[in-house]
Structures are given as structure tokens and as C-alpha cells.
**Q** 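Have a look at this one.
Sequence lines set the chain letters: A, B, ... in the order given, protein chains first and strands last, and positions in each chain run from 1.
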There are 2 protein chains.
Amino acid sequence: MTLPGRGPRGYRELAEHLARQIRDGIYPAGQRLPSELALQQTYDLARNTVRKAVEELEYQGLVVVQRGYGAVVAIEQEKQRVIVPAGTVVSGRMPTLTEAYEWGLPRGIPMLIATGPDGTVIQALPADRFEIVTE
Amino acid sequence: MTLPGRGPRGYRELAEHLARQIRDGIYPAGQRLPSELALQQTYDLARNTVRKAVEELEYQGLVVVQRGYGAVVAIEQEKQRVIVPAGTVVSGRMPTLTEAYEWGLPRGIPMLIATGPDGTVIQALPADRFEIVTE
DNA sequence: AAGTATTTGTCCGTATGTATT
DNA sequence: CAATACATACGGACAAATACT
């Protein structure tokens with residue numbers, strides 16, 4: 001039962017509340033968050049508001065939302081190290097729609113871009129599966 | 001005047017439509033997109049749907065939305081090169097709420113993380129202002 | 001300085017579609 | 001087939017930031 005004035009108000013507070021619970025291990029990696037309906041009832045918020053909060057977590061890469069199933073706490077993946085020559089410039093940006101589709105990327109995963117000293121793009125890789133190291 | 005069945009349907013198509021217009025230079029960097037009201041009327045969509053489309057562009061780092069002003073086409077910034085020693089591992093992730101606040105980050109800007117070979121974090125920098133290079 | 005118009009932000013409600021279990 | 005859960009889209013109301021007069 002939720003008392004008025006208690007608990008997180010608005011989607012930001014709910015997002016922070018849930019993020020804290022995830023960090024505290026209340027929802028371990030791989031586990032589902034409560035459903036939108038459950039959250040809605042628990043915190044006495046509209047479903048739209050709950051959805052906005054979960055969207056925040058998704059944007060931060062904390063959860064992956066699967067339609068018809070639920071919002072799953074993100075699992076830290078084993079990252080493949082890509083070796084690039086010295087002088088390589090590494091930058092980052094969000095994926096284009098095409099890249100997101102090609103790599104099957106969930107939201108909240110940026111791309112790592114490796115470019116040569118002259119500016120030519122060497123590689124564009126999703127940051128949830130790769131990291132770049134120079135030697 | 002919008003005829004039924006013409007133009008983008010739904011927020012995804014509208015987002016792609018606007019993204020194409022931005023790439024084609026119809027809305028140059030620094031310029032505002034049409035207001036939500038204008039888009040709503042032009043494409044005969046609900047305001048919420050228009051907002052979701054603009055949110056997509058924001059997520060991709062294509063625009064920066066300013067409350068009370070509008071959605072501005074993102075301006076490519078001059079990036080500062082940070083030099084790190086060989087063997088440094090570079091990864092990427094979305095900013096935490098704290099980082100976003102500290103750096104004054106708009107949505108759609110990832111963080112670049114430089115870690116030593118042993119895993120200790122050397123630096124965490126926003127990708128719209130920095131790029132990492134090893135030498 | 002004050003007030004008005006414009007523009008985005010938040011929140012609610014409702015209905016229907018689609019994917020997974 | 002049915003139940004559960006997320007996705008999309010519409011509508012409305014008011015708040016808050018910005019710009020302009």
C-alpha cells in the first residue's frame with residue numbers, strides 16, 4: 001500500500017530509485033524488473049510515467065527491455081579486445097539506426113570509432129562487445 | 001496540407017524523415033527544427049508522437065533540445081585529444097546521471113573510458129569534447 | 001520591469017497492437 | 001487459445017523556460 005507523498009514522485013525519482021536498487025543488488029544482473037503494471041501499482045503512478053523511468057534506465061545501459069517479456073538488468077559482457085596501431089584516434093558516438101539494426105544493439109550502447117591519424121575510419125564497433133587497445 | 005496516407009507515419013518514420021533532412025542540409029547545424037506544434041500540424045500526428053520522434057534524434061546525438069526554445073541541430077565540436085600510454089584500454093558507455101550533470105551533457109553523448117592494462121580507470125571523458133589517442 | 005506568446009517538460013487517461021509465455 | 005507484458009498512438013491539462021514586446 002502506498003501512502004500519499006511517500007516514495008519516488010515523477011519519472012526521474014523513480015528512475016533513480018530503481019537504479020539504486022539495481023546497484024544495491026536487489027535486482028541482480030539477468031533478472032527482470034517488476035512489470036510496468038506492478039510498478040504502476042506499487043508507486044501509484046501512471047503507466048506512461050513508469051515507462052519513462054524504465055526508458056531512462058535503458059538509456060543508461062542499465063537494463064534491456066524485451067517486448068512481451070520485461071526489463072532485464074543488463075549483463076556485463078565479456079569484451080573482445082581489438083588491437084590498433086599507435087597513433088590511432090578513438091572517439092565515441094551513438095549508433096545510427098542502420099548500425100543499431102546491423103549489430104542488434106539495445107538502447108544505451110554507444111559505438112567506439114577508431115580512426116587513423118589522417119582521419120580515415122578504421123573501425124566502428126559496439127561498446128558492449130568490444131574495447132580498443134593499442135600496443 | 002497533408003493528404004492522408006502521405007508522408008511519414010508513426011514516430012520512427014518521422015524520425016528517419018527528419019534525420020534525412022538534417023543530413024541533406026535542409027536544417028543546418030545550429031538551426032532549429034520546426035516546433036513540435038508545427039511538426040504536429042504538418043504531418044498530422046499527435047504531439048506525443050512528434051515528441052517521440054525528436055527524442056530519437058536526440059538519442060542519436062543529432063539534435064540538442066532546449067526547453068522553451070526548440071530542437072537545435074547538433075554542432076560538431078572541436079575535440080581535444082587526450083594522449084594515453086600504449087597498452088591503455090579504451091571502452092565506452094553512457095554517462096551516469098552524476099556524470100551527465102557534472103559535464104552538462106545533453107542526451108546522446110557517450111563517455112570514453114580509458115583504463116590501464118590492470119583495469120584501473122585512468123579517465124572518463126565525454127565523447128563530444130574528447131578523443132583518445134595513444135603514442 | 002512586466003506581461004504575453006511561444007515552446008518544451010511532465011503527468012495523467014484511454015485504446016489498441018504485437019510479442020512472449 | 002489465453003494471459004501477461006511491452007509498443008504505439010491518440011487526447012488533454014498544466015508547469016516551466018525562453019523570447020519578445
**Q** In the hydrophobic clustering that connects Ile, Leu, Val, Met, Phe, Trp and Tyr at side-chain heavy-atom distances below 4.5 Å, which members other than B:V72 occupy its cluster, ordered by chain and number?
**A**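 For the cluster that includes B:V72, the remaining residues are B:Y69.
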**Q** Please enumerate all residues that pass side-chain contact (heavy atoms from CB on, under 4.5 Å) together with A:D118, with sequence neighbours excluded.
**A** A:T120
**Q** Establish, with yes or no, whether the OP1 or OP2 oxygen of C:dC12 is under 4.0 angstrom from a side-chain nitrogen or oxygen of A:T49.
**A** yes
**Q** 5'-most contact on DNA chain D: A:G70 or A:N48, nearest heavy atom basis?
**A**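 Nearest nucleotide further toward 5': that of A:G70.
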**Q** Partners of B:I75 by side-chain contact (heavy atoms from CB on, under 4.5 Å), sequence neighbours excluded?
**A** B:A29
**Q** Suppose the criterion is ring pair (Phe, Tyr, Trp, His ring centres under 6.0 Å): which pairs have a residue in residues 6-34 of chain B, not counting sequence neighbours?
**A** B:H17-B:Y43
**Q** For nucleotides 18-21 of chain C, list the nitrogen or oxygen atoms of the protein found under 3.5 Å from its nitrogen or oxygen atoms, one pair per line.
**A**
unit_1, atom_1, unit_2, atom_2, d
C:dT18, O4', A:R67, NH2, 2.7

**Q** With a 4.0 Å limit, can you tell me whether A:S35 has a side-chain N or O closer than that to the phosphate oxygens OP1/OP2 of D:dT4?
**A**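 No, because none of the side-chain N or O atoms of A:S35 sits under 4.0 Å from OP1 or OP2 of D:dT4.
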**Q** B:R12 side chain N/O closer than 4.0 Å to the phosphate oxygens (OP1, OP2) of D:dT8?
**A** yes
**Q** To the nearest Å, how far apart are A:Q31 CD and D:dA5 C1'?
**A** 17 Å
**Q** Identify, with sequence neighbours excluded, every residue that meets side-chain contact (heavy atoms from CB on, under 4.5 Å) alongside B:Q77.
**A** B:D128, B:R129
**Q** Which distance, rounded to the nearest 0.5 Å, do you find between the CZ of B:R20 and the CD1 of B:I26?
**A**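 Rounded to the nearest 0.5 Å, the CZ-CD1 separation comes to 9.5 Å.
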**Q** So, is A:R47 near the phosphate of C:dG13, with a side-chain N or O under 4.0 Å from OP1 or OP2?
**A** no
